[in-house]
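Reminder, nothing fancy here: chain letters follow the sequence lines and each chain counts from 1. Reckoned from all heavy atoms, side chains included, excluding hydrogens, waters and symmetry mates.
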Amino acid sequence: MIMSENKITIRCGRNNLRRLRLFVADNAEKCGLDQSAIHDLSVVAEEIGYNIMKYGEMGESGEFDVEVSCEGGRFSMIFRDTGIPFDPTGYKGGLTFDSEGNLEEGGLGLMLVDKLVDEWTYERHPDGINILKLYKVKGGITDEN
Amino acid sequence: MDIKVDKRKVEEGLGIVDILGEIDVYTSSWVKEAIAEFIKEGNYNIIINLEGVRYIDSTGLGVLIGALKRVKEHEGSISLICTNPQIKKIFNITGLSKIFAIYKSEEEALAAHKEG
């Protein structure tokens, strides 16, 4: 793991997700976000990190970068990875039921992300880098979202 | 591991699971196993106390959904105790607050169970 004040490099492997979460929570706290927003951003960071590790097909030696910043009451996270192209912003997820009406596990990670950030965008650069930007504004999201 | 799971039998078929810590990608498989074992022991109506839970992600939610599926095979139920606003928010926005009955205290959850 390489870490500077506002950037962290995470090696693929579940053991590193907690470091990512703590890095984001620490920076969100410094940004002055309340406990609810810090929890939201921690969940978002872990869900995105987990997705990159699980579906990015980068292998255990793969790495991705996360850069955070706080400007004008807006906290941003930028994930950069070289995994397979995938635009998660178009995948809303949600509760799913089998043919007998039983609730199924899974499908909630990206739904949580979508509901817990104010805005997120995805770009695939020609040099093979996925860039996912997520933003949360202080006081911008309520429980009703 | 930043998780502690305690299981208590209240009466035949009814038990309480107290979870303390963070339910995330590291700990969820352990929580899943602990609850599955409790169900296997015949506790098909379970109250899961999340008052000591500081963090839950989608893998944690998946564990609760999986437990619900298992007890439903025996016409059982899973209800939750949760007052932490951050955790409740996760249940609200995913729609799981409509799937699980969520109570403010153990007394309230037990009373609701007795009322059927």
Side-chain angles (χ1 to χ4, degrees), chain A residues 10 12-22 24-25 28 33-54 88 91-98 100-118 141-145, chain B residues 1-3 21-33 35-36 39 50 52-80 82-102:
Chain A
I10 298 287
C12 291
R14 287 184 183 192
N15 290 350
N16 296 322
L17 283 173
R18 189 168 284 171
R19 287 193 197 121
L20 168 61
R21 209 170 84 201
L22 293 175
V24 168
L33 273 78
D34 62 24
Q35 284 306 308
S36 176
I38 293 168
H39 185 271
D40 292 352
L41 288 164
S42 302
V43 172
V44 167
E46 190 181 282
E47 298 291 352
I48 294 297
Y50 183 61
N51 246 51
I52 292 171
M53 289 180 185
K54 193 172 178 185
Y91 181 83
K92 301 295 179 192
L95 297 178
T96 53
F97 298 84
D98 66 18
E100 291 172 2
N102 298 309
L103 188 58
E104 299 206 273
E105 298 164 52
L108 295 174
L110 292 179
M111 180 198 198
L112 280 174
V113 174
D114 188 54
K115 298 277 187 182
L116 294 175
V117 296
D118 291 288
I141 292 275
T142 65
D143 286 0
E144 283 69 45
N145 281 282
Chain B
M1 191 179 287
D2 194 12
I3 194 80
E22 300 181 344
I23 313 177
D24 60 14
V25 289
Y26 298 100
T27 60
S28 57
S29 58
W30 203 80
V31 176
K32 183 179 182 174
E33 208 172 292
I35 296 174
I39 295 170
L50 299 174
V53 171
R54 299 187 301 272
Y55 178 90
I56 190 164
D57 64 13
S58 65
T59 60
L61 299 178
V63 167
L64 300 177
I65 293 169
L68 181 64
K69 280 174 84 169
R70 283 196 192 88
V71 298
K72 276 196 162 180
E73 288 166 9
H74 304 275
E75 295 178 4
S77 65
I78 298 275
S79 51
L80 309 175
C82 179
T83 56
N84 180 327
Q86 274 105 259
I87 305 295
K88 277 189 84 175
K89 181 177 180 178
I90 297 293
F91 285 95
N92 287 338
I93 63 175
T94 52
L96 286 172
S97 54
K98 290 175 185 156
I99 304 287
F100 293 100
I102 302 178

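Using a 4.5 Å heavy-atom threshold, the side chains of B/Ile65 and A/Glu104 count as separate. Using a 4.5 Å heavy-atom cutoff, the side chains of B/Ile3 and B/Val31 are in contact. Two residues are said to be in side-chain contact when any heavy atoms from C-beta on lie closer than 4.5 Å; B/Ile23 and B/Asp57 fail this criterion. The side-chain heavy atoms of B/Phe91 and B/Leu64, taken from C-beta on, include a pair separated by under 4.5 Å.
Figure legend: A/Arg21 and B/Tyr55 shown as a cation-pi pair, the cationic atom lying under 6.0 angstrom from the six-membered ring centre and within 45 degrees of its axis.
Applying a 4.5 Å heavy-atom cutoff, the residues of residues 68-80 of chain B that approach chain A are B/Lys69.
Looking only at atom types and distance, the side chain of A/Asp34 has no donor-acceptor partner in the side chain of A/Ser36 under 3.5 Å away. Side chain to side chain, B/Thr27 and B/Glu22 fail the donor-acceptor criterion of an N or O pair below 3.5 Å.
Between chain B and the residues A/Leu108, A/Asn15, A/Ile38, A/Leu17, the largest count of heavy-atom pairs under 4.5 Å involves A/Asn15.
Contact of B/Ile99 with chain A is made through the side chain alone, with heavy-atom distances under 4.5 Å.
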